[in-house]
Number of protein chains: 2
Amino acid sequence: MSPRRVPVSRRERPAKAALSRAAVIAVALRIMRDEGLEKVTMRRLASELDTGPASLYVYVTNTAELHGALLDELLSGLEPPAAGIAWRGGVVALLSQYTRLLFAHPSLARSVLTLRPSGPNYLRFVDSLLGLLLAGGVAARSAAWGVDLLLQLATATAVEQGTRDRSADAEGEVYLQAMAVREAAVAEYPSIDRVRDELFSGTGEERYRFAFDALLDGIAAAR
Amino acid sequence: MSPRRVPVSRRERPAKAALSRAAVIAVALRIMRDEGLEKVTMRRLASELDTGPASLYVYVTNTAELHGALLDELLSGLEPPAAGIAWRGGVVALLSQYTRLLFAHPSLARSVLTLRPSGPNYLRFVDSLLGLLLAGGVAARSAAWGVDLLLQLATATAVEQGTRDRSADAEGEVYLQAMAVREAAVAEYPSIDRVRDELFSGTGEERYRFAFDALLDGIAAAR
DNA sequence: ACCTGAACACCGTTCAAGT
DNA sequence: ACCTGAACACCGTTCAAGT
């Protein structure tokens with residue numbers, strides 16, 4: 001005889017929270033912070049919200065759109081640069097916050113690269129960057145195109161560095177590439193040979209700073 | 001009574017080609033060219049090669065490593081810049097070939113961004129770029145770090161543009177962002193308002209050229 | 001030693017059929 | 001009108017058990 005199954009009383013299970021876009025995004029944010037974006041799947045979200053994956057499509061268009069919402073959520077925490085700060089210092093301050101944000105969520109960075117974010121916090125962020133460039137005397141077109149470029153640099157850097165830091169496979173690749181470069185025959189790759197050491201020199205921070213300065217100089221000087 | 005099953009003669013089925021790394025990569029290349037990298041899955045590859053997916057792991061480490069091999073295969077077709085060409089023209093010529101290659105395979109570009117390619121053709125490509133920069137009088141460190149940056153720009157651009165051109169979803173996003181920017185309240189986003197038109201101006205080609213020039217100027221001028 | 005069937009542990013998205 | 005069970009059409013990778 002199987003024991004009589006005692007039904008779980010309504011009280012023991014927390015009341016099923018009402019579904020809403022806000023609820024979906026809140027759960028997604030929590031999972032992303034605790035376990036990474038990889039774990040933020042429609043199925044996982046649905047099961048945490050006590051429903052089936054199909055139900056989520058009432059509140060989000062698809063995975064890409066959800067990722068856009070997560071980005072905007074993260075950007076709500078950006079500190080505006082101090083009033084009166086020099087324009088270049090302001091750009092550095094803003095962009096490095098953005099980069100740090102994405103470094104913490106490299107797979108979100110991957111998504112962002114193929115997204116056209118359009119949330120209010122993203123627009124505010126772009127507006128601040130534009131304002132600083134314009135205040136620095138950068139021409140309207142250079143400022144507009146340059147902001148795109150600076151954001152692309154920051155995002156791509158987060159994708160590159162972030163993913164590599166986290167995955168064991170990627171470490172194997174770094175190792176392989178380093179070996180390949182170090183062993184590259186002098187005769188076949190003479191230029192690699194000439195700058196061999198510089199190819200691996202510098203910290204991530206130094207290289208990012210170099211990249212940022214080069215790009216900003218180029219943008220500011222654009223005819 | 002079920003009809004006697006006549007065994008297919010060996011002649012009627014093409015002899016099962018011997019598995020090898022070269023065979024795997026050849027099939028992968030064909031599928032990528034004809035149907036896009038998305039279709040190059042271990043399962044699809046295995047079925048085309050008349051085996052199970054597990055067997056492929058004898059010849060490739062994993063999907064990322066396979067993508068690296070595909071990149072190197074594509075790079076074998078790069079034309080070296082004409083001898084005696086000015087260094088900057090050479091860099092343009094090489095990088096635009098690379099960019100064009102990745103534009104045709106945007107999802108490969110996505111993979112490349114998280115890869116450390118180390119194939120012979122990639123090394124040769126990097127070596128040529130380095131040689132041109134050094135010939136142009138760029139300092140060793142700026143050349144080494146700059147090559148990384150130029151490749152990142154080209155790859156990230158291919159990811160952004162490529163993916164967007166191809167997907168219907170992405171078009172929706174572009175539209176959404178354009179709407180958001182056009183409707184951005186003047187009071188809330190004053191700088192966006194000031195350069196509104198420039199945010200959408202220019203062809204992809206013009207913007208890429210701007211990006212490339214800005215970056216190369218910045219690298220060449222780096223202290 | 002080399003190879004692989006079958007399994008493990010998942011995915012995103014759609015749509016007919018509920019309530 | 002709003003919601004969702006179930007299905008569709010897949011994934012990459014591992015490993016025990018072959019030959």
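Below, chains carry the letters A, B, ... as their sequence lines are ordered, and counting in each starts from 1. Since the structure is predicted, the reported quantities are computational estimates derived from the model, not experimental observations.
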message: Checking base pairs now: Watson-Crick or wobble, both atom distances under 3.5 Å. What partners dC10(C)?
response: none
message: Please report the distance separating the P of dA9(D) from the corresponding atom of dA9(C), rounded so that it comes out in whole Å.
response: 25 Å
message: Using the C1' atom as the point on both nucleotides, what is the distance between dT14(C) and dG18(C), in whole Å?
response: 16 Å
- line: Leu49(B) atom CG is separated from dC3(C) atom P, nearest whole Å, by 13 Å
message: Checking base pairs now: Watson-Crick or wobble, both atom distances under 3.5 Å. What partners dG5(C)?
response: dC15(D)
- prompt: Hey, is the main chain of Ser107(A) close enough, under 3.5 Å, to the side chain of Glu38(A) for a donor-acceptor pair?
  reply: no
message: For Ile219(B), is there any backbone N or O sitting under 3.5 Å from a side-chain donor or acceptor partner on Trp145(B)?
response: no
query: Is any side-chain N or O of Thr63(B) closer than 4.0 Å to OP1 or OP2 of dT13(D)?
result: yes
- prompt: Could you state the interatomic distance from CD (Glu65(B)) to CG (Leu115(B)), rounded to the nearest 0.5 Å?
  reply: 9.0 Å
- prompt: Between Ser55(A) and Arg43(A), who's closer to the 5' end of DNA chain D by nearest nucleotide?
  reply: Ser55(A)
- request: Determine yes or no for a side-chain-to-main-chain donor-acceptor pair under 3.5 angstrom, with Asp193(B) supplying the side chain and Ala187(B) the backbone.
  value: no
query: What distance, rounded to whole Å, do you find between the two P atoms, one in dA17(C) and one in dT13(C)?
result: 23 Å
query: Taking the side chain of Ala54(B) as its heavy atoms from C-beta onward, which of dT4(D), dC11(D), dG5(C) lies nearest to it?
result: dG5(C)
message: What's the closest nucleotide to the side chain of Tyr59(B) if the choices are dC3(C), dT4(C), dG12(D)?
response: dC3(C)
field: Nucleotide nearest Tyr57(A) when distance is taken to its side chain, options dG12(C), dG12(D), dT4(C)
entry: dG12(C)
- prompt: How long is the line joining CZ of Arg44(B) and C1' of dT13(D), in whole Å?
  reply: 20 Å
message: Return whichever of Pro53(B) or Glu38(A) has its heavy-atom-nearest nucleotide of DNA chain C closer to the 5' end.
response: Pro53(B)
task: Could you state the atom-to-atom distance from CG of Leu45(B) to P of dC11(D) in whole Å?
output: 11 Å
